[in-house]
Amino acid sequence: MKDASRRLKKSLHRKKVACAVRPENVDYNKIVLAVDSFINIHTMSNKDFLEKIFVGAFKLIPEAEKGSFYELIDDRYVPIVSSGYDLEVLQKLVFNREDAFADYECSDSARIEAYEKYIDERDDTRFSEEMINILRELGTYSKYTSLYAPIQVEGVNVGLICFDCFTKTGFTKTSKKILKFYAQIISNFYTQKLLYEKEKKMYHDVVAALVSAIEVKDKYTEGHAQRVREYSCDIAKELQLSNSKINDISTAALLHDIGKIGISTEILNKPGKLTKDEYDIIKLHPIYTKTILEKISGFSSIANFAYNHHENYNGTGYPRGLKYDEIPFESQIIQVADAYDAMTSERAYRKALSTHQALKIISEETGKQFNPKIAKAAIKVFSKLTSS
Ligand SMILES: [Fe+2]
Ligand SMILES: [Fe+2]
């Protein structure tokens with residue numbers, strides 16, 4: 001046992017010594033450049049990220065004199081970033097799926113790898129005269145070496161990164177490794193982007209399905225959710241709320257009445273005025289809204305904003321009779337928007353109020369039913385609607 005421990009200590013000591021010795025041939029400038037290309041990338045837009053990564057790779061590959069990056073957009077490869085080339089001239093080169101890799105040995109089944117190819121001359125039959133002229137203008141018609149790598153999502157090419165060298169030296173093994181590494185990073189970026197877009201679409205589809213579920217059940221609410229969403233977002237913008245708050249308000253406003261699914265169709269679609277008991281049942285819908293939305297992961301704030309859309313500023317609302325700051329500010333925005341749409345929509349038992357009449361009520365109820373700050377912004381927003 002003691003021997004084993006001594007052997008382990010000795011081996012650890014050897015490793016420490018080995019780590020302490022810096023290899024002579026490490027190019028620290030390159031490491032700094034590589035690290036620099038990844039700083040702050042999480043805060044950037046897609047375009048800025050691609051530009052930064054592309055420039056990072058370009059700087060690290062000394063043989064590269066010019067370079068370009070193509071993205072597959074609507075089945076066509078479009079140049080979006082370049083170095084050394086005039087991007088305006090380059091953008092005239094839009095390839096379809098087959099032509100983009102015509103000069104390269106790189107199919108969808110090829111691995112993410114850096115490939116090198118010396119292009120001695122082009123096969124003129126493959127390109128139009130216009131394309132040949134553009135290639136000549138760019139200097140990439142013949143006699144240059146291209147180091148290229150496909151950008152892939154789930155094994156399918158979605159982009160192409162190429163670095164070009166116009167002397168006959170070609171690219172070193174290290175440059176190939178660097179390009180392969182960067183192509184993998186960019187491929188990961190596109191994979192994440194696709195996943196995010198899929199999730200976003202699914203999210204919108206689920207919200208739209210929930211909205212249509214309530215509209216099928218309650219004939220009076222057709223278009224109501226959409227209008228309340230628009231009004232709420234306009235008021236939130238007028239109040240200069242952040243984009244993320246506006247997004248949450250938008251979703252909560254769309255779904256604020258979803259709890260009406262739990263109310264009987266007879267009561268919801270009753271042509272005349274409701275009895276007190278029926279009205280008490282209707283008043284349960286914010287609670288049902290909360291119960292439904294809380295079940296969706298990541299929706300706890302949205303559920304809370306929607307839950308409180310019938311609370312009044314002075315505490316006379318329902319279901320809890322909250323007042324002032326006890327009511328989420330977001331809910332108070334939806335409440336004014338909801339009230340305005342209800343007043344200006346026709347019901348079986350009453351005609352729609354004009355915008356002027358609705359604005360008069362909002363202003364009379366300022367400080368009572370409605371938060372004064374929000375009511376002021378809402379009056380501004382709704383007044384613009386009448387004048388437009
Ligand atoms: Fe409601
Ligand atoms: Fe409503």
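Just so you know, these numbers come straight off a predicted model, no measurement behind them. Remember, it's 1-based here, ligands and their atoms both numbered in the order they're listed.
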Answer key: the N, O or S atom of Asp257 nearest to the Fe ion (ligand 1) is OD1
Practice item. Report yes or no: does His256 have an N/O/S atom closer than 2.8 Å to the Fe ion (ligand 1)? Key: no
Between Asp205 and Lys201, does any side-chain N to carboxylate O distance fall below 4.0 Å? yes
- Query: Does a side-chain N-to-carboxylate-O contact under 4.0 Å join Glu266 and Lys270?
  - Reply: no
**Prompt:** Does the ring center of Tyr203 lie less than 6.0 Å from the ring center of Phe299?
**Reply:** yes
Margin query: Students often mix this up, so state it plainly: with edges at 30° and 60°, are the rings of Tyr318 and Tyr279 parallel, tilted or perpendicular?
Written below: perpendicular
For the Fe ion (ligand 1), angle spanned by His285 NE2 and His309 NE2 (nearest 10°) is 100°
For OD1 in Asp338 and NE2 in His224, the angle at the Fe ion (ligand 2) (nearest 10°) is 80°
